[in-house]
A.B. asks: 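What follows is a single structure, and I will ask about it in a moment.
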Amino acid sequence: MPKTITTTKPIAGSRAGWLIKSEPSVFSIEDLQRDQRTAWEGVRNYQARNFMRDAMAEGDVALFYHSSSEPSGVAGLARVASRARPDPTQFDPTSPYFDATSSRTEPRWQLVEFAYLERFANFVSLAELKACADLEGMAVLQKGQRLSIQMVSKEHLAIVLGMGGSTHTLT
DNA sequence: GCCAACGTTGGC
DNA sequence: GCCAACGTTGGC
């Protein structure tokens, strides 16, 4: 029997989940499988931060996308495992994510934790995503789209789970 | 390695 | 408030 995911209520009738990008040379789905859980450090984009802070809910699922990779594509599935909280790396002068303009009293950057759900049986390449007519409009397929955290509609999520041979199904 | 697209910064 | 310059992302 497939495991079942209950997603939280959609925002504006469209959100069912997320897509999170990571360069696998930095942190891959295999790394998440090994660690089981990770703090998503280093997001330094306001829109992505706002998604984490305002719209993500614990239990939401996220497609784990390998970017700048050969091939790039969706490698697996993760789950939002915490609420948003200040990203400690913004205060760490030795971190590549250090932000001297952020203060501890008014932290600028947030993170959430993600938990491992699965590595897809079938890696879904960007080329396959592009070739799927039913995924038209998906954010990751838009030209010039660089946002590292994106909303994914329930319809698109279900299609990608199918393409990946996911053991999870949406309710 | 190239470069288009994008977000941010800062001069004015 | 405008916009040129810059740094970064990420596909190719």
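We name chains A, B, ... by the order of the sequence lines, and we start the count at 1 in each one. All values below come from the heavy atoms of this structure, side chains included, with hydrogens, waters and symmetry mates left out.
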A.B. asks: Within a reach of under 6.0 Å around CD of A:E136, are more than 12 heavy atoms found that belong to other residues, nucleotides or ligands?
C.D. replies: no

A.B. asks: Could you check whether any side-chain N or O of A:S166 sits under 3.5 Å from a backbone N or O of A:L161, counting only pairs where one atom can act as donor and the other as acceptor?
C.D. replies: no

A.B. asks: Do other residues, nucleotides or ligands put more than 12 heavy atoms under 6.0 Å from A:R83 CZ?
C.D. replies: no

A.B. asks: Quick check against the 3.5 Å criterion: does A:Q90 have a side-chain atom that pairs as donor or acceptor with the backbone of A:R108?
C.D. replies: yes

A.B. asks: Name the first nucleotide and the last nucleotide along DNA chain B (5' to 3') that come under 4.0 Å of a heavy atom in chain A.
C.D. replies: B:dA5 to B:dT8

A.B. asks: With a 4.0 Å cut-off, would you call A:R44 and A:D87 a salt bridge?
C.D. replies: yes

